[in-house]
Amino acid sequence: MARSERRAGARRAGRSSARAALAASVALTASCGDAPSEGPVPPSTRFVARGAASGVDFVHDHGGNGRKHFTEIVVGGVSLFDYDGDGDLDLHCAQAAALPGRVVAAPLIDRLYRNDGAFRFTEVTASAGVGETGYTFSVSCPDVDGDGDLDLYCCNYGRNTLLVNDGHGRFTDVTESSGLAGTGWSSAAAFVDLDRDGDLDCYVGNYVVYDVATAPPCGDPATGVASHDYCHPDNFPGARDDVLRNDGGRDGAIRFTDVTEACGAGGSTGKALAVVPTDYDDDGDIDLYVANDHVPNFLWRNDTPRGGPIALVEIGFEAGVAQDGEGKNESCMGSDAADIDHDGDFDLFSANMAMETNTLWVNDDGVFTDDTNLAGLGRESYLWVGFGAKFFDQDLDGELDLALANGHVLDQVERHDPHQSFRQKAQLYRGVGRGKFRLVSSEGGPYFEEKHVGRGLAAGDLDDDGDVDLVIAHWQERPELLENTAIAPGRTQRWIGVDLRGRGANTRALGARVECRAGALFQVDEVRGAASFAAWNDTRLLFGLGAHEGAVDLKIRWPDGAEQELRGLAPGRYHRIAQP
């Protein structure tokens with residue numbers, strides 16, 4: 001029996017026992033009306049809310065007119081990227097647009113805030129030319145044209161928008177000539193060099209086929225519009241995702257060609273809410289995990305020969321990630337890939353609807369097993385609706401932790417179930433080793449006691465101090481900026497940061513794999529940007545080193561397959577590494 005089969009058998013036995021215990025535990029929790037308990041709270045790192053004094057005055061507006069259009073309920077994106085090339089992370093907030101029948105005094109627009117240091121930001125939307133007026137769900141921030149600065153690609157309900165950076169922080173709409181306009185309802189986009197020809201191709205996840213002008217309201221019409229519920233995704237057919245090959249030339253033109261049918265993806269329709277690029281099988285090219293809402297998830301294995309043509313094969317069921325461990329479709333939303341167990345491959349996680357639990361699939365030689373409950377991530381997620389989801393080493397001990405932004409999709413859920421709520425607390429899990437987690441939200445600071453309708457969650461080192469901060473988007477509210485205080489006077493946490501610069505048009509080395517060795521501690525990560533929900537994250541990699549005091553060794557596999565080893569790097573700083 002193969003190693004993966006032996007492990008899968010043991011996990012299945014443990015999972016069955018864990019699920020039985022989960023059902024009994026959650027039933028008791030619901031009967032008491034209390035949230036699941038946490039473990040002891042040791043003195044540890046905390047997050048400090050900086051939003052109120054940050055200068056970020058953005059307020060999310062779903063654009064609705066009181067009729068509860070389906071588009072309204074899953075919107076709320078946030079992105080972190082260095083738009084002006086000054087070395088720190090700036091903040092982009094995605095905004096909806098006024099739906100038919102809604103009258104607004106001024107157009108609802110996306111907003112861009114420049115990072116001025118010390119968690120202070122200045123709005124630069126007008127001067128940068130990024131006041132996009134589409135109904136925006138998420139914004140990706142790759143260097144689309146390979147000129148060294150970061151651009152913006154807005155996934156919208158309706159026409160998508162590509163805004164190209166001129167290198168001086170001013171953006172121009174080049175959507176129509178680029179081939180990236182798209183149609184329908186786009187939720188997320190991943191930019192990755194699928195054919196390893198040196199430039200970035202694009203996978204656009206599309207949600208459902210929905211028309212605000214003709215779609216009937218959901219709920220019970222007899223009780224009046226005010227009591228209607230937001231619709232379930234089962235009410236609408238799924239949409240086909242788009243695969244777009246980058247055919248830009250040396251003339252600097254941006255040209256993408258739709259190769260969805262030709263690459264093998266044309267016959268698949270899902271209901272995408274997140275796209276995570278990851279080399280799950282460690283064969284040197286980037287594959288794509290697509291989190292679908294209440295239909296089977298996709299795992300696109302990249303079978304493209306070097307230089308193309310792009311060839312994708314959907315293996316979600318074969319690999320074990322199409323459904324949960326009991327063979328059920330889930331409402332998968334925020335998703336991430338990370339090596340949670342230090343075995344050198346990337347595991348997958350999706351945040352889901354209440355009464356489903358979130359799901360962790362552990363990778364064993366390219367075959368995944370649902371280890372949610374064995375990892376400690378099941379019970380505490382059963383009554384929550386997870387959106388933003390990101391693994392990162394919050395306390396820099398060398399073990400990955402997990403942050404979740406939660407918020408229901410039914411604004412009157414309390415009428416149906418008094419044990420659930422529309423506004424929900426965010427959650428923080430601590431990695432305790434061997435792929436296990438413990439809920440420690442009470443260590444997160446006062447924000448984690450507040451209730452919001454959480455949506456997008458982006459992670460990045462906003463103050464360049466060596467720990468990962470968070471920005472969480474709130475539905476119909478201002479976002480919150482959370483400063484991680486793991487690096488503080490008197491603390492000895494150690495870390496090393498990696499900021500890659502690729503050769504050729506993939507200037508941020510999206511898709512690169514980095515192995516970090518610090519004594520006996522081994523970690524691996526990928527440069528991806530796209531992850532979580534409706535978010536773009538810091539593309540710099542940050543490794544916590546725990547108690548390790550010496551130098552650090554890195555092994556880099558660049559997107560084109562070239563490998564590089566660097567030894568004896570000093571901790572406590574970011575290393576910008578250019579591909580030789």
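In this chain, numbering begins with 1 at the start of the sequence shown.
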- Query: Regarding Asp411 and Tyr230, is there a side-chain donor-to-acceptor distance under 3.5 Å anywhere?
  - Reply: no
- Item | Lys/Arg cation over aromatic Phe191: Arg508, 6.0 Å, 45° cone | no
- Item | Heavy-atom donor-acceptor pair, Tyr203 side chain to Leu288 backbone, under 3.5 Å | no
- Task: For the residue pair Asn352 and Thr359, confirm or rule out a side-chain donor-acceptor distance under 3.5 Å.
- Result: yes
- Query: What's the verdict on salt bridge (charged side-chain N to carboxylate O under 4.0 Å, His left out) for Asp247 and Arg255, showing C-alpha distance, side-chain angles and the deciding distance?
  - Reply: CA-CA 5 Å; Asp247 291 329; Arg255 292 186 292 266; over 6 Å; no
- Message: Under a 3.5 Å distance rule, please check whether Thr175 uses its side chain to pair with a backbone N or O of Leu162 as donor and acceptor.
- Response: yes
- Query: Does Ser532 reach the main-chain N or O of Leu457 with its side chain, forming a donor-acceptor pair under 3.5 Å?
  - Reply: yes
- Query: Just wondering, do Gln95 and Asp61 contact through their side chains at under 4.5 Å, heavy atoms?
  - Reply: yes
- Plane angle bin for Trp185 and Tyr157 - parallel if under 30°, tilted between 30 and 60°, otherwise perpendicular: perpendicular
- Message: Keeping Asp401 on the side-chain end and Gln394 on the backbone end, is there a donor-acceptor pair under 3.5 Å?
- Response: yes
- Query: Angle class for the His69/Tyr210 ring planes (parallel below 30°, perpendicular above 60°, tilted otherwise)?
  - Reply: perpendicular
- Query: Between the main-chain N or O of Ile310 and the side-chain N or O of Asp195, is there a donor-acceptor pair closer than 3.5 Å?
  - Reply: no
- For the salt bridge (charged side-chain N to carboxylate O under 4.0 Å, His left out) test, which of Asp525, Asp285, Asp283, Asp282 pairs with Arg513? Asp282
- Do the side-chain N and O atoms of Ser335 and Ser350 include a donor-acceptor pair separated by under 3.5 angstrom? yes
- Task: Using a 4.5 Å cut-off on heavy atoms from C-beta on, say whether the side chain of Glu72 contacts that of Leu99.
- Result: yes
- Query: Which of parallel (below 30°), tilted (30 to 60°) and perpendicular (above 60°) describes His474 and His452?
  - Reply: parallel
- Message: Within the 3.5 Å criterion, strictly below it, is a donor on Glu132 or Thr161 matched to an acceptor on the partner's side chain?
- Response: yes
